[in-house]
Amino acid sequence: MTQTPWLGCIADDYTGGTDVAAALRGSGLSTALVFGVPEPDLPVPDNEVVVVALKTRTTPPGEAVQQTLDTLRWLKKGGAQQYYVKYCSTFDSTPAGNIGPVVDAVLDELGEEATVLCPASPEHGRTVFQGHLFVNDQLLSESSMATHPLTPMTDSDLRRVLAPQSTHPVGHLSRECLVGGSQVAQPRLDELRGQGIRHIIADAVDDTDLLTLAAATSSWRVTTGGAGLARAHGEVRAGQNPPAVPATLPKGAAVIIAGSCSSATQGQVANARALFPSYRLSPSNGDTPESLWEEAQAWLDSAPTDVPVMVYATASAEERALTQHVFGDKTGTVLEEVLAKAARHAVNRGARRVVVAGGETSGAVVQALGVRSVLVGQEAERGVPWCLTTGEEPIALLLKSGNFGLPDLLTRAVTQP
Ligand SMILES: Nc1ncnc2c1ncn2[C@@H]1O[C@H](COP(=O)(O)OP(=O)(O)O)[C@@H](O)[C@H]1O
Ligand SMILES: O=C(O)[C@@H](O)C(=O)COP(=O)(O)O
């Protein structure tokens with residue numbers, strides 16, 4: 001039986017897409033995952049939820065808006081009834097965007113007045129209280145996100161972070177209202193909307209808060225947040241029939257590609273480096289993007305194919321400060337491109353398991369591999385599902401958000417049968 005999607009979800013990066021797809025699938029809904037802006041004539045998959053993962057977190061805002069609107073129109077044409085804008089649980093953005101411009105564009109396109117914004121993902125230690133975002137017991141601005149290479153988060157007050165990203169009023173739904181249940185939260189939300197508040201930053205410190213928020217906004221056409229609120233929406237919707245997930249991974253060589261500099265990834269890279277042959281991209285004076293790639297390629301060509309190998313750029317903030325002058329503002333993009341080429345080269349040499357650390361890095365790798373859609377499989381860890389390409393020679397991709405996972409996640413991923 002064909003069906004039109006109940007929910008169309010647009011994620012601003014590829015790891016965010018896999019995270020939210022796993023959450024919605026975990027809540028019992030059949031979920032498709034597509035990478036990149038879909039061609040207009042591509043049929044919308046026959047699933048309760050369709051997630052489209054874009055690479056728009058750090059593009060210029062105009063580009064992020066255009067890609068989001070093209071995707072939204074495709075989902076709308078496919079009959080999606082409600083929409084979810086997924087951004088990072090650490091609210092990764094800059095004063096220019098892209099959360100504000102993208103959310104405003106989605107609301108305008110659909111003729112909606114207001115939405116909630118709630119990045120909380122309590123299972124990963126991300127909570128929002130009094131409008132402030134916490135990472136475990138630290139304020140966002142005191143966590144390692146303060147020195148993120150692309151989106152340093154130096155303010156924890158989400159109202160203040162969002163205000164310069166939109167010309168519309170920003171308000172706040174306090175936890176107090178959520179504790180009262182949706183019969184308290186719902187009228188308060190109506191009141192805020194009535195006051196002309198367009199962006200309602202919602203507190204949530206646990207899954208019960210998220211369920212209450214999801215119930216109170218279950219009829220809203222647009223809601224936004226991390227994977228936590230999306231999962232809660234799925235649970236309120238009570239899906240019952242997710243198709244079985246592919247349980248086995250294709251056989252073949254494995255490669256780890258790490259571009260994230262987040263603290264969890266630094267530990268995971270150290271763990272993998274102690275066990276497998278590895279190569280680090282470390283720009284030095286006189287290097288060009290081409291020379292960086294040629295050296296990496298030569299290393300891969302001489303690397304064994306019967307054990308997992310790793311190519312990485314992961315570095316601490318101090319190490320980055322020493323090398324950043326070589327490519328200046330372009331450092332992130334240059335490294336992403338070289339890492340993506342390394343992934344493609346490894347696949348051409350027979351790798352069938354590609355484990356990537358970092359959202360932007362994952363976007364670059366998936367684009368270089370030309371992967372447009374995947375089956376969402378078992379989670380290697382919460383929020384990090386295996387993604388399986390279809391076709392004659394399937395590849396298993398694990399796209400790991402920078403800050404997710406235990407210290408041995410990368411190692412486990414390349415060694416598990
Ligand atoms: N040594 C380095 N110096 C500067 N930037 C780096 C370095 N290593 C990686 N990067 C860049 O940091 C960014 C990390 O972003 P991303 O892959 O999204 O990771 P995360 O998921 O932790 O946010 C990428 O653009 C990557 O190329
Ligand atoms: O919400 C989250 O934390 C993740 O789903 C996510 O968006 C990851 O982004 P990166 O840390 O840049 O991989």
Side-chain angles (χ1 to χ4, degrees), residues 1-14 16-56 64-87 98-99 101-118 198-199 210 213-243 372-376 385 387:
M1 193 182 72
T2 59
Q3 64 185 347
T4 53
W6 153 62
L7 189 71
C9 173
I10 305 175
D12 68 352
D13 83 344
Y14 283 34
T18 59
D19 181 20
V20 74
L24 285 156
R25 196 182 184 297
S27 69
L29 296 160
S30 65
T31 303
L33 175 57
V34 176
F35 291 116
V37 179
E39 296 301 324
D41 53 359
L42 180 79
V44 171
D46 182 13
N47 279 262
E48 287 164 286
V49 177
V50 177
V51 177
V52 181
L54 301 178
K55 193 174 184 303
T56 49
V65 164
Q66 192 55 53
Q67 289 194 33
T68 305
L69 288 180
D70 289 344
T71 304
L72 180 71
R73 288 171 189 147
W74 176 77
L75 288 164
K76 204 170 152 194
K77 203 170 88 185
Q81 295 154 38
Q82 290 175 260
Y83 300 89
Y84 193 80
V85 177
K86 157 74 176 69
Y87 38 78
N98 288 334
I99 296 176
V102 161
V103 172
D104 275 332
V106 169
L107 292 173
D108 288 343
E109 174 76 11
L110 296 169
E112 293 294 317
E113 283 168 6
T115 191
V116 286
L117 297 99
C118 184
R198 176 175 252 217
H199 299 295
L210 288 173
L213 183 61
T217 55
S218 63
S219 63
W220 290 29
R221 195 121 177 265
V222 182
T223 50
T224 81
L229 180 60
R231 182 193 302 275
H233 274 301
E235 283 171 13
V236 169
R237 175 89 182 171
Q240 281 157 4
N241 295 311
R372 295 309 305 268
S373 66
V374 289
L375 300 174
V376 181
C387 295

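Computed from heavy atoms alone, side chains included, the values below leave out hydrogens, waters and symmetry copies.
Residues satisfying the side-chain contact (heavy atoms from CB on, under 4.5 Å) criterion with Pro385, sequence neighbours excluded, are Thr18, Ala22, Val376, Glu379. A search for side-chain contact (heavy atoms from CB on, under 4.5 Å) contacts involving Glu113 returns Arg193, not counting sequence neighbours. Take Gln67 and apply the side-chain contact (heavy atoms from CB on, under 4.5 Å) test, not counting sequence neighbours, and it matches Val37, Leu54, Thr56, Glu63. For Arg73, the side-chain contact (heavy atoms from CB on, under 4.5 Å) partners two or more places apart in sequence, or in a different chain, are Gln66, Leu69, Asp70, Glu109. With sequence neighbours excluded, no residue forms a salt bridge (Lys or Arg N to Asp or Glu O under 4.0 Å) with Lys86.
Checked by atom type and distance alone, the side chain of Ser373 never pairs as donor or acceptor with a backbone atom of Leu33 at under 3.5 Å. Not a single donor-acceptor pair under 3.5 Å links the side chain of Tyr83 to the backbone N or O of Thr224. Formation of a donor-acceptor pair under 3.5 Å by the Gln82 side chain with backbone atoms of Ser218 is found in this model. Between the side chain of Asp13 and the main chain of Gly16, a donor-acceptor pair closer than 3.5 Å is present.
Judged as a salt bridge (charged side-chain N to carboxylate O under 4.0 Å, His left out), the pairs with a partner in residues 215-227 (not counting sequence neighbours) are, in order, Glu112-Arg221.
When all heavy atoms are compared, the tightest approach of Cys9 to Leu75 is N-CD1, 4.2 Å. Across all non-hydrogen atoms, the minimal contact from Val20 to Ala227 is CA-CB, 4.1 Å. Taking every heavy atom of both residues into account, Trp6 and Arg237 meet most closely at CD1-NH1, 3.2 Å.
Relative orientation of the Phe35 and Tyr14 rings is parallel, given thresholds of 30° and 60° on the angle between their planes.
If you run side-chain contact (heavy atoms from CB on, under 4.5 Å) between Val106 and each of Val103, Leu110, Asp108, only Leu110 comes through.
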